[in-house]
Amino acid sequence: MKKYFILIVVIFSFFVLLQCDKDEDINYPTNSKIDLKLPSNFPATKFNVAGYEPTVYGVELGKKLFYDGRLAKDNAVACAFCHIQENAFTHHGHSISHGVEGREGFRNTPPIQNLIWLDKFMWDGSVTHLETQPIIPITTEVEMDETMSNIAVKLKDDKDYQRLFTIVYGDKNITAERILKAITQFVSTMISADSKYDKVVRNEGASFTADEQQGYTIFKNKCATCHATDLFTDQSYRNTGIPYHPIFKDEGRKRVSGKDEDFLKFRVPSLRNVEYTAPYTHDGRFQTLKALLDFYSDGVVDNPNLDPEFKKVPGKVGIPLTETEKTYLIAFLKTLSDQKFISNPAFAE
Ligand code: HEC
Ligand code: HEC
């Protein structure tokens with residue numbers, strides 16, 4: 001009797017082992033490239049995608065990492081915690097960023113969109129390569145406060161990751177480089193170019209209302225030097241006469257260059273999806289577009305670095321705007337909203 005029992009156990013174990021072996025030999029799907037559709041009204045891209053060509057599973061892996069709280073020390077603060085899709089990947093309701101344990105940073109979360117057209121990243125251009133960008137939030141104490149090697153330890157037993165890393169990179173090893181490459185693939189696919197404005201300028205059957213058209217005309221006269229091209233930024237750093245923040249002490253581009261002439265200069269932000277990305281500017285000090293335009297018109301503070309664009313009207317600093325002009329401008333800015341982008345399942349969790 002005992003012999004039979006042992007025999008049954010042995011045979012059973014054999015089949016269990018056979019099953020395990022099968023798992024190892026899973027037929028993984030082949031990974032194919034994704035062709036990014038570059039909008040015809042955009043300027044040339046800046047990012048050299050060689051080595052980062054988005055693939056179906058590379059992007060899927062990048063997205064999974066983007067939404068995974070385990071990239072943070074507290075296992076809760078994912079990239080998507082601060083970059084929320086319905087707000088064009090900004091942190092709605094937060095002037096400055098809040099990371100692990102509610103720790104506060106000193107800057108407003110910018111949207112993640114059209115990154116492959118950008119030359120440098122962050123409000124002060126301190127990051128020059130898209131691939132290295134995620135290291136900053138991951139390792140910053142007030143953001144995710146984690147290390148790349150510990151992330152690898154936390155994820156290595158996760159079957160979904162083992163599968164995805166194998167499909168994308170050939171084996172299940174998780175390394176910092178592989179994590180960063182996958183996130184880069186994912187964020188480089190986040191293109192927003194389907195607003196009403198785009199449909200008007202590309203002649204895709206849309207047209208501006210009278211108010212929007214008025215706003216567009218004012219915009220071209222008073223705003224488009226800095227908010228230039230269909231990206232709505234010339235990617236330069238400018239001093240808009242915004243008063244220095246006594247608590248955050250953010251010196252802007254000077255933090256990077258060390259030069260006094262860069263004091264309080266910030267990267268001109270794109271205005272795409274600005275309807276969804278309140279609050280505004282580098283420290284989110286303006287809650288509404290109206291408040292920002294009131295500032296441009298009447299709040300600009302003169303200083304040695306103030307941009308010449310804000311000194312065009314003799315005897316006044318700023319960009320004088322009437323209340324009606326502000327209404328028109330806001331109507332125009334809302335034509336930059338891309339409903340499809342903020343609801344696209346390809347970018348959702
Ligand atoms: C705690 C909130 C927070 C988290 C978490 C976070 N970010 Fe950010 N992100 C920010 C802030 C704030 C900035 C602007 C920083 C600056 O200008 O110095 C930023 C900037 C960026 C930029 C630059 C955008 C541009 O236009 O220059 C990218 C890209 C980005 N984050 C991607 C990510 C990714 C990927 C992750 C996850 C690995 C992540 N972020 C996690 C708050 C956060
Ligand atoms: C001299 C260049 C310049 C001009 C002209 C200019 N802007 Fe700006 N704009 C900037 C800079 C730089 C910032 C970021 C300032 C900061 O973060 O402190 C900004 C910020 C903004 C923001 C906030 C966006 C965000 O994501 O936080 C809006 C909206 C905006 N500008 C609209 C306009 C409009 C409308 C006009 C025309 C009336 C205009 N700007 C003219 C340079 C300019």
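Given the structure is predicted, the values throughout are model-derived calculations rather than measurements. Each ligand, and each atom within it, is numbered from 1 in the order the structure gives. Positions are given from 1 along the sequence.
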**Q.** Protein N, O or S atoms lying under 2.8 Å from atom 8 (Fe) of ligand 1, listed by chain and number
**A.** His83 NE2
Nearest non-hydrogen protein atom, [atom]:
atom                    : result
atom 36 (C) of ligand 2 : Cys223 SG, 2.8 Å
atom 17 (O) of ligand 1 : Trp123 N, 2.8 Å
atom 18 (O) of ligand 1 : Arg107 NH1, 2.8 Å
atom 25 (C) of ligand 1 : Arg267 NH2, 3.3 Å
atom 20 (C) of ligand 1 : Met122 SD, 3.5 Å

For [X], atoms of ligand 1 separated by under 4.0 Å from a heavy atom:
X      : result
Leu115 : 29 (C)
Phe121 : 27 (O)
Ile183 : 35 (C)
Val77  : 5 (C)
Leu118 : 26 (O)
Gly99  : 1 (C)
His98  : 1 (C)

Q. Can Pro269 be said to touch ligand 1, with heavy atoms closer than 4.0 Å?
A. no
Q. Measuring from the heavy atoms of Asn108, does anything fall under 4.0 Å of ligand 1?
A.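 For ligand 1, residue contact (heavy atoms, under 4.0 Å) with Asn108 is present.
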Q.
Using 30° and 60° as the class boundaries, would you call the ring planes of His91 and His98 parallel, tilted or perpendicular?
A.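 Rings of His91 and His98: perpendicular, over 60°.
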(Q) Check the orientation of Tyr244 and Phe263. Use parallel for under 30°, tilted for 30 to 60°, and perpendicular for over 60°. (A)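 Tyr244 vs Phe263 ring planes: tilted.
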Once you restrict to heavy atoms under 4.0 Å, what part of [X] touches ligand 1? Side chain, backbone, both or neither.
X      : answer
Asp124 : neither
Val127 : neither
His282 : neither
Ala78  : backbone

Contact (N/O only, under 3.5 Å) between [X] and ligand 2:
X      : value
Thr277 : no
Arg238 : no
Glu309 : no

Q | Lys120 N/O to ligand 1 N/O under 3.5 Å | A |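 Min N/O separation from ligand 1 is not below 3.5 Å for Lys120.
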Q) Are any N, O or S atoms from Thr240 nearer to atom 8 (Fe) of ligand 2 than 2.8 Å? A) no
Q) Strictly under 2.8 Å, is any N, O or S atom of Cys226 next to atom 8 (Fe) of ligand 2? A)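 Short answer: no, not a single N, O or S atom is under the cut-off.
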**Q.** Ring centre gap for Tyr276 and His92 strictly below 6.0 Å
**A.** no
